[in-house]
Amino acid sequence: RYVKSKKVNSEYKEYLRKKNDLPNLKAQYKIINDKLEKLNKEKSQIIKLVSGTSNLETFLSRLGNLSKKHEINISSITPKSSIMFVKSENSEIQNELNINPDPLLVEGIKKYIIDLNFKAKFENILSFIRDLEYQENVILFKDIKIESKEENNDNAGKNRPVSILDVSLQMTVYGKI
């Protein structure tokens with residue numbers, strides 16, 4: 001009987017300890033939950049900042065509208081690849097090998113690589129690229145190649161050559177999934 005009574009007493013003490021710890025555990029849970037909620041809000045804001053609120057189809061539509069607005073003659077739009085975020089299980093190996101994955105490519109964002117070829121006047125190209133920079137998606141340009149082409153301008157009847165530039169570039173566009 002004494003052994004049984006001692007066992008019940010120790011269980012009772014453990015119960016009281018847990019009962020007394022419960023408010024502290026609830027407070028810790030609330031703090032951790034609030035931090036998690038704050039981090040999730042920050043994450044969604046970062047995703048929205050990088051990718052905007054639109055997907056690739058919307059961006060391509062805006063690209064077409066901007067090209068009309070700035071009198072850009074698009075020769076071709078060639079999608080090269082689309083890359084989604086994949087959580088790395090080998091991050092230690094990547095760090096050792098100094099392999100840096102794309103820092104803008106995070107969960108909820110897709111990266112599109114597009115080759116774009118077009119012809120236009122220099123002033124129109126500047127306006128077009130300036131308007132592209134103001135889009136809500138993050139857009140990176142690389143491998144820009146510009147060649148000059150001479151064309152006759154018969155609109156004014158002056159038959160004066162107009163310098164048309166042939167532009168080829170690669171765009172990296174980040175959009176939401």
Side-chain angles (χ1 to χ4, degrees), residues 17-120 122-146 167-177:
R17 185 190 65 78
K18 287 182 179 179
K19 179 184 161 214
N20 291 335
D21 285 349
L22 189 60
N24 289 338
L25 291 173
K26 283 183 178 179
Q28 287 177 352
Y29 170 77
K30 185 173 181 352
I31 290 169
I32 291 170
N33 212 20
D34 290 345
K35 286 182 180 179
L36 179 65
E37 190 174 313
K38 181 181 176 188
L39 287 173
N40 282 333
K41 283 182 183 178
E42 288 176 0
K43 177 183 168 185
S44 65
Q45 288 174 339
I46 289 171
I47 289 172
K48 186 177 179 184
L49 181 66
V50 172
S51 68
T53 57
S54 61
N55 55 23
L56 181 64
E57 291 79 20
T58 308
F59 171 75
L60 290 176
S61 173
R62 287 194 314 255
L63 182 68
N65 290 339
L66 288 175
S67 66
K68 287 179 187 175
K69 175 182 172 185
H70 296 291
E71 298 176 9
I72 302 292
N73 182 9
I74 294 181
S75 308
S76 69
I77 299 175
T78 310
K80 286 294 191 187
S81 65
S82 63
I83 304 166
M84 292 179 60
F85 172 78
V86 176
K87 187 171 183 169
S88 175
E89 296 179 10
N90 300 322
S91 59
E92 292 177 18
I93 295 171
Q94 287 178 341
N95 290 338
E96 286 178 24
L97 296 175
N98 200 19
I99 299 172
N100 295 327
D102 191 339
L104 295 176
L105 190 59
V106 295
E107 189 176 344
I109 295 180
K110 196 170 186 179
K111 173 179 168 179
Y112 304 97
I113 299 174
I114 302 167
D115 282 345
L116 181 64
N117 296 308
F118 59 89
K119 296 178 183 179
F122 179 73
E123 298 82 17
N124 295 352
I125 293 171
L126 288 179
S127 300
F128 176 66
I129 291 177
R130 190 174 302 118
D131 274 358
L132 278 176
E133 289 175 340
Y134 286 117
Q135 297 304 302
E136 63 182 348
N137 303 75
V138 170
I139 303 169
L140 305 175
F141 301 100
K142 73 179 207 182
D143 296 335
I144 301 173
K145 296 178 183 113
I146 302 173
V167 180
S168 171
L169 58 88
Q170 186 177 83
M171 291 190 332
T172 302
V173 182
Y174 295 85
K176 71 176 189 171
I177 296 176

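Numbers here simply count residues along the sequence, with the first being 1.
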(message) How long is the straight-line distance from CG of Leu60 back to CD1 of Ile77, given to the nearest 0.5 Å?
(response) 6.0 Å

(request) Run the numbers on Leu104 and Val138 for side-chain contact (heavy atoms from CB on, under 4.5 Å), then give the verdict. (result) CA-CA 9 Å; Leu104 295 176; Val138 170; 4.0 Å; yes

(request) Could you tell me the separation between the CD atom of Glu42 and the CD atom of Glu37, rounded to the nearest 0.5 Å? (result) 11.5 Å

(message) Looking at Phe122, I'd like to know if its CZ atom is crowded, meaning that more than 12 non-hydrogen atoms belonging to other residues, nucleotides or ligands lie closer than 6.0 Å.
(response) no

(message) Would Glu136 and Arg62 count as a side-chain contact (heavy atoms from CB on, under 4.5 Å) here? Give the steps.
(response) CA-CA 11 Å; Glu136 63 182 348; Arg62 287 194 314 255; 3.5 Å; yes

(request) Please tell me if the side chains of Leu22 and Lys18 come closer than 4.5 Å, counting only heavy atoms from C-beta onward. (result) no

(message) Can you confirm whether Ile114 sits close enough to Thr78 that some side-chain heavy atom of one is under 4.5 Å from a side-chain heavy atom of the other?
(response) no

(message) Assess the residue pair Leu132 and Phe141 against the criterion (side-chain contact (heavy atoms from CB on, under 4.5 Å)); give the C-alpha distance rounded to whole Å, side-chain angles, the decisive distance to 0.1 Å, and a yes or no.
(response) CA-CA 10 Å; Leu132 278 176; Phe141 301 100; 3.9 Å; yes

(message) Working to the nearest 0.5 angstrom, can you tell me the gap between Ser75 OG and Phe118 CZ?
(response) 9.0 Å

(request) Please answer whether the main-chain N or O of Asn124 pairs with a side-chain N or O of Ser127 as donor and acceptor at a distance below 3.5 Å. (result) no

(message) Less than 4.0 angstrom from a charged side-chain N to a carboxylate O is my criterion; do Lys30 and Asp34 meet it?
(response) yes

(message) Less than 4.5 Å apart, side chain to side chain, heavy atoms only: is that true for Lys38 and Leu36?
(response) no

(request) Identify the heavy atoms of Tyr112 and Ser82 that sit nearest to each other, and give their distance. (result) CD2-CB, 3.7 Å

(request) List the atom of Gly64, the atom of Ser67, and the distance in Å for their closest heavy-atom pair. (result) O-OG, 2.7 Å

(request) Answer whether the closest heavy-atom distance between the side chains of Lys110 and Ile83 falls below 4.5 Å. (result) no

(message) Could you measure the distance from the CE atom of Met171 to the CD1 atom of Ile144? Nearest 0.5 Å is fine.
(response) 11.0 Å

(message) Within the 4.5 Å heavy-atom criterion, are Leu63 and Phe128 side-chain neighbours or not?
(response) yes

(request) Working to the nearest 0.5 Å, report the span between OG of Ser168 and CG of Leu116. (result) 8.0 Å

(request) Apply side-chain contact (heavy atoms from CB on, under 4.5 Å) to Asn117 and Val167, showing your working. (result) CA-CA 6 Å; Asn117 296 308; Val167 180; over 6 Å; no

(message) Does any part of the side chain of Lys145, heavy atoms only, come nearer than 4.5 Å to the side chain of Leu169, both counted from C-beta?
(response) no

(request) State, yes or no, whether a side-chain contact exists between Lys119 and Ile74 at a heavy-atom distance under 4.5 Å. (result) no

(request) For the residue pair Asp131 and His70, establish whether any side-chain heavy-atom pair is separated by less than 4.5 Å. (result) yes

(message) Quick one: does any side-chain atom of Asn137 pair with a main-chain N or O of Tyr174 as donor and acceptor, under 3.5 Å?
(response) yes

